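What follows is one structure encoded as structure tokens, with my remarks underneath.
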Amino acid sequence: MARVETPAGGAQAENAPEEEHLDEWFARRLESQGIPSRFGAPSLARLTAVVALVLALGGLLWALSSVGPKSTTAQTPPPTTPGGHSNTTGGNTGPAPTGKVSWRSVTVDVLNGFGGAGAAGTEADSLRAQGWKVGKTGNASGITQTEVVYLPGHKAEAVAVAHKLGLGAPVKIGDATGVVPSSTSGVAIVLGPDLLPTT
């Protein structure tokens with residue numbers, strides 16, 4: 001069996017905890033093994049890293065809270081009057097809230113798209129006699145068949161007009177041939193050689 005030898009003064013080292021504070025003895029033992037027993041004052045780099053971490057976590061929490069659940073209430077634009085103008089007076093002169101639009105509430109512009117002499121004026125008078133609200137008359141070009149065109153935001157009105165007249169689906173003015181956006185204030189009937197169907 002091997003014998004453990006204690007260096008001289010070992011008895012004093014082993015008995016040291018009794019004579020000195022236990023913390024100091026333990027710290028000396030750790031240091032003798034190459035383990036630092038006490039941490040020095042925190043360095044500037046450590047403090048900066050801790051502050052940056054706290055700020056990053058705070059920013060992340062703030063970002064997550066701002067992305068949180070939103071209200072599902074849809075923002076509805078103010079109602080528009082038949083001319084396409086916003087109704088800010090509080091009166092109910094715009095389309096019904098259900099999205100249904102009556103053809104009687106729509107002001108239509110009439111455009112001569114095939115070059116027939118006086119066609120736009122004649123058809124505008126005919127529409128007025130039938131109870132339509134007619135805005136301006138004007139010209140377009142290259143139209144082979146009567147169609148309803150509309151500016152963005154006026155599709156529901158255009159659908160009501162096209163349905164009432166028995167015409168095909170309305171065309172967005174950007175997709176219409178020979179019709180410039182400034183020729184209408186919202187919805188226009190562009191006359192082709194077939195003119196308007198008789199109602």
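Each residue takes its place number in the sequence, starting with 1. All values derive from a computational prediction rather than experimental measurement.
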side-chain contact (heavy atoms from CB on, under 4.5 Å) between Leu30 and Trp25, intermediate numbers included: CA-CA 9 Å; Leu30 287 174; Trp25 175 83; over 6 Å; no
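Pairing each heavy atom of Lys133 with each of Arg104, the nearest pair is CE-O, 3.4 Å. A pairwise comparison of heavy atoms in Ala162 and Pro170 identifies CB-CD, 4.1 Å as the closest pair. The nearest pair of heavy atoms linking Phe114 to Ile143 is CB-O, 3.9 Å.
Hydrophobic clustering (ILVMFWY, side-chain heavy atoms < 4.5 Å, transitive): Phe26 and Ile35 are in one cluster. In the hydrophobic clustering of this structure, Val134 does not group with Leu111; members are Ile, Leu, Val, Met, Phe, Trp, Tyr whose side-chain heavy atoms approach within less than 4.5 Å, directly or through other members.
Side-chain N or O atoms of Thr48 include one that pairs as donor or acceptor with a backbone N or O of Leu44 at under 3.5 Å. Put simply, the side chain of Asn112 gets close to the backbone of Gly116: a donor and an acceptor are under 3.5 Å apart. A donor-acceptor pair under 3.5 Å is absent between the side-chain atoms of Thr137 and the main chain of Ala120, judged by distance alone.
For the atom pair CD (Gln130) and CZ (Arg128), the distance works out to 12.0 Å, reported to the nearest 0.5 Å. Considering CD of Glu123 and CG of Leu191, their distance stands at 5.5 Å, rounded to 0.5 Å. Here His163 contributes atom NE2 and Trp103 contributes atom CH2; the two are 12.0 Å apart, rounded to the nearest 0.5 Å. Annotation: the span from Leu196 atom CG to Thr122 atom OG1 amounts to 11.0 Å, rounded to 0.5 Å. Atom CG of Leu151 is separated from atom OG of Ser183 by 8.0 Å, given to the nearest 0.5 angstrom.
At least one side-chain heavy atom of Leu167 sits less than 4.5 Å from a side-chain heavy atom of Thr146. Put simply, the side chain of Ile189 reaches to within 4.5 Å of the side chain of Val161, judged on heavy atoms. For the pair Val106/Trp132, no side-chain contact is recorded, criterion being any heavy-atom separation below 4.5 Å from C-beta on.
With Val190 as the partner, the side chain to side chain contact (heavy atoms under 4.5 Å, CB included) test is satisfied by one option alone out of Val149, Val148, Asn139: Val149. With Val187 as reference, Val108 is the one residue of Val108, Val101, Asp109, Val159 to meet the side chain to side chain contact (heavy atoms under 4.5 Å, CB included) rule.
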Please output the side-chain donor-acceptor pairs of residues 171-182 that fall under 3.5 Å, not counting sequence neighbours, one pair per line with the distance.
none

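No more than 12 heavy atoms of other residues, nucleotides or ligands sit less than 6.0 Å from atom NZ of Lys155.
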